[in-house]
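Take a look at the structure set out below.
Both backbone and side-chain heavy atoms feed into the values below; hydrogens, waters and symmetry mates do not. Sequence lines set the chain letters: A, B, ... in the order given, protein chains first and strands last, and positions in each chain run from 1. Computed from a prediction, not measured in an experiment: that's the story for all the values here.
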Protein chains: 2
Amino acid sequence: MSAHRILGDRFAGWQKLALDSSQCPVRNLLDRIGDRWSLLILCALAAEPRRFSALARDVPDISKRMLTQTLRTLETDGLVHREVEPSIPPKVTYSLTPLGQSFAGPMLGLIDWAEANFAQVQAARLRFAEAARTYSASLSAIASPAAKPLAHAHWKL
Amino acid sequence: MSAHRILGDRFAGWQKLALDSSQCPVRNLLDRIGDRWSLLILCALAAEPRRFSALARDVPDISKRMLTQTLRTLETDGLVHREVEPSIPPKVTYSLTPLGQSFAGPMLGLIDWAEANFAQVQAARLRFAEAARTYSASLSAIASPAAKPLAHAHWKL
DNA sequence: CTGGATCCACTCTGATACTG
DNA sequence: CAGTATCAGAGTGGATCCAG
């Protein structure tokens, strides 16, 4: 039985719960990793535990604000451990918890798919853009001669 | 070799590309599935091809606006196929493309993890909330007697 | 060094009304 | 039925300045 059939069967069971976002595991998960930075930080920490400033360097273009915020959320959810060494200046080291490491498997699956199929996605986008261009060109080509023939035009596209 | 180590090794290779969001497969993928509805719609379509109004019924609380927009994006990326039957009233059926079906595997991995570990995440949140409550209580307890002792207090937490 | 606080711009989303 | 158009509100992320 293929994966997409299993997935479909699974879906039916959610419909009652999905109404309540806080009770749906999938919605909850997406609220966390669906942002711009969580996955990237998780990947960085999977490589090795890092200090705050090391993360700021290695995760491109993230601001301190978002780094702090994202780390705090991941810590709250038990995916990341925060270790404070009370020296001056302070050293704070972040690492993956066992729970965080267990997430690496599914995450890797997702990443593999993304890398393997990115070219196809890009190709699909190009096809779509080309189709839209051709369509609008055909529209403007017949715009002057007649006005009414355009009715329902997009139904037939 | 464990998944989180492999993931870490992978991360190093991105750092040059991750600067350019449009060239990073992972960033691109997140831009799509990171929203509220894409994954839910993909799951619904994995069960079986559906018409627009059927999707609107089965995906809880989605507005027509977001349904249209999300489907269009998924179609642009080549994950969803849009079939128009030019009758009156029109019938539009959406289904997964082969590319969309191939995504079901990684997606299922993610969902399995979410369902298996949701309880742990919730527990972690409770622990965190409790810790915060205890901490702020201890703060207010010593707030009156002395003002200075609070310095660096959160370092020691 | 590791953040917290504030202000601002932008995006995402939903509600409503209209069209072919 | 299957959308599109427009508006308004909430949420998100960034820049900057400040503090322990």
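Straight-line distance from the CZ atom of A/Arg50 to the P atom of C/dC1: 17 Å, rounded to whole Å. Rounded to whole Å, the distance from CG on A/Leu71 to P on C/dG3 is 8 Å. Rounded to a whole Å, the CZ atom of B/Arg32 is 14 Å from the C1' atom of C/dC12. To the nearest angstrom, C1' of C/dC1 lies 11 Å from CZ of A/Arg57. If you take CG of B/Leu67 and P of C/dT13, they are 13 Å apart, rounded to a whole angstrom. Computed from coordinates, the B/Lys64 NZ to C/dC18 P distance equals 12 Å when rounded to whole Å. Between B/Phe52 atom CZ and D/dC1 atom P there is a gap of 11 Å when expressed in whole angstrom units. Regarding A/Lys91, its NZ atom lies at a distance of 18 Å from the C1' atom of D/dG20, rounded to whole Å.
Look at A/Glu130 and A/Arg127 and you find no salt bridge, because none of the NZ, NE, NH1 or NH2 atoms lies under 4.0 Å from a carboxylate O.
Closest heavy-atom contact between B/Tyr94 and B/Leu45: O-CD2, 3.4 Å. The nearest pair of heavy atoms linking A/Phe11 to B/Asp58 is CZ-O, 3.8 Å. Of all the heavy atoms in B/Pro49 and B/Thr93, the pair that sits closest is CB-CG2, 4.1 Å.
Using a 4.0 Å cut-off, some side-chain N or O of A/Arg82 falls inside it from OP1 or OP2 of C/dG3. An OP1 or OP2 oxygen of C/dT2 is reached within less than 4.0 angstrom by a side-chain nitrogen or oxygen of A/Ser53.
A donor-acceptor distance shorter than 3.5 angstrom exists from the side chain of B/Arg5 to the backbone of A/Ala47, with no hydrogens or angles considered. A side-chain donor-acceptor contact under 3.5 Å links A/Arg50 to the backbone of A/Ala44.
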Tell me, with the steps shown, if B/Thr68 and B/Phe52 meet side-chain contact (heavy atoms from CB on, under 4.5 Å).
CA-CA 8 Å; B/Thr68 300; B/Phe52 184 87; 3.5 Å; yes
When you look at A/Val121 and B/Leu99, which way does the side-chain contact (heavy atoms from CB on, under 4.5 Å) test go after all the steps?
CA-CA 9 Å; A/Val121 170; B/Leu99 185 60; 4.2 Å; yes
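Comparing D/dA2, D/dT4, C/dC1 by their closest approach to the side chain of B/Thr68 singles out D/dT4. When distances are taken from the side chain of A/Tyr94 to each of D/dG3, D/dA2, C/dG3, the shortest belongs to C/dG3. With C/dC1, D/dG3, C/dG20 as the choices, the nucleotide that has an atom nearest any side-chain atom of B/Arg72 turns out to be D/dG3.
When the side chain to side chain donor-acceptor pair (under 3.5 Å) test is applied to A/Ser38, the partners found at least two apart in sequence or on another chain are A/Asp35.
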Expected rows: protein N/O vs nucleotides 12-14 of chain D N/O, under 3.5 Å:
unit_1 : atom_1 : unit_2  : atom_2 : d
D/dG13 : N7     : A/Arg65 : NH2    : 3.0
D/dG14 : OP2    : A/Trp37 : NE1    : 3.4
D/dG14 : N7     : A/Arg65 : NE     : 2.9
D/dG14 : O6     : A/Arg65 : NE     : 2.8
D/dG14 : O6     : A/Arg65 : NH2    : 3.3

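Inter-axis angle, ends of the helix from C/dC1-D/dG20 to C/dG20-D/dC1, five pairs per end, rounded to 10 degrees: 40°.
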